[in-house]
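Only a predicted model underlies this, so the values are computations on that prediction, with no experimental measurement involved. The residues of the chain are indexed from 1 along the displayed sequence. No hydrogens, no waters, no symmetry mates; every other heavy atom, side chains included, goes into these values.
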Amino acid sequence: MSKRNEKQKITVSIYGQQYTVVGEEPPAHVKEVAQTVDQKMREIKKRNPYLDTTRLAVLTAVNIVDDYIKLTKENERLNEKVKQQRTTGDE
């Protein structure tokens, strides 16, 4: 049984290409990340069928980082709201 801080190799498929990912995350997490990237690439390609793979990959990265930043800001906003509720006693 592997421990979380041990590096593991896992092969995933993203947009028809095989990639070997080496890291400390559990294989299920790596597969989920790869599936999310693959899904996003296919979604963008469907809307922009003439994109080459490089541009598709960059637009996918931009879209995923956009989602990440929005979620991070929303998380910060909610954490601040919880913090204020705890100090004021409001619920």
Original post:
Transitive ILVMFWY cluster of I69 at side-chain heavy atoms under 4.5 Å: who else is in it?
Top reply: V65, Y68
Original post:
Quick one: side chain to side chain contact (heavy atoms under 4.5 Å, CB included) partners of N48, sequence neighbours excluded?
Top reply: I44, L51
Original post:
Do M41 and I14 touch side chain to side chain, with heavy atoms closer than 4.5 Å?
Top reply: yes
Original post:
Who passes side chain to side chain donor-acceptor pair (under 3.5 Å) against K9, sequence neighbours left out?
Top reply: none
Subject >> Sequence neighbours excluded, every pair satisfying salt bridge (charged side-chain N to carboxylate O under 4.0 Å, His left out) that has a member inside residues 76-85 >> reply: E74-R77
Subject >> Results of side chain to side chain contact (heavy atoms under 4.5 Å, CB included) for V62 - residues two or more places apart only >> reply: V58
Original post:
By the rule that ILVMFWY residues connect when side-chain heavy atoms come within less than 4.5 angstrom, directly or transitively, which residues belong alongside Y50?
Top reply: none
Subject >> Inter- and intrachain pairs under salt bridge (charged side-chain N to carboxylate O under 4.0 Å, His left out), touching residues 55-65, at least two apart >> reply: D52-R55
Original post:
K40 and T60: which non-hydrogen atoms are nearest, and at how many Å?
Top reply: CG-CG2, 3.7 Å
**OP:** List for me each residue that meets side chain to side chain contact (heavy atoms under 4.5 Å, CB included) alongside T11, sequence neighbours excluded, and say none if there are none.
**Re:** Q18, T20
**OP:** Would you please name every residue forming a side chain to side chain contact (heavy atoms under 4.5 Å, CB included) with Q35, sequence neighbours left out?
**Re:** none
**OP:** Considering non-hydrogen atoms only, spot the tightest contact between Q8 and E25 and give its length.
**Re:** NE2-O, 3.9 Å
Subject >> Pairs meeting criterion salt bridge (charged side-chain N to carboxylate O under 4.0 Å, His left out) with involvement of residues 27-39, two or more places apart >> reply: D38-R42
Original post:
Who pairs with K70 by salt bridge (Lys or Arg N to Asp or Glu O under 4.0 Å), at least two apart in sequence or on another chain?
Top reply: D66
Subject >> Electrostatic pair K46-E43, nearest N-O below 4.0 angstrom >> reply: no
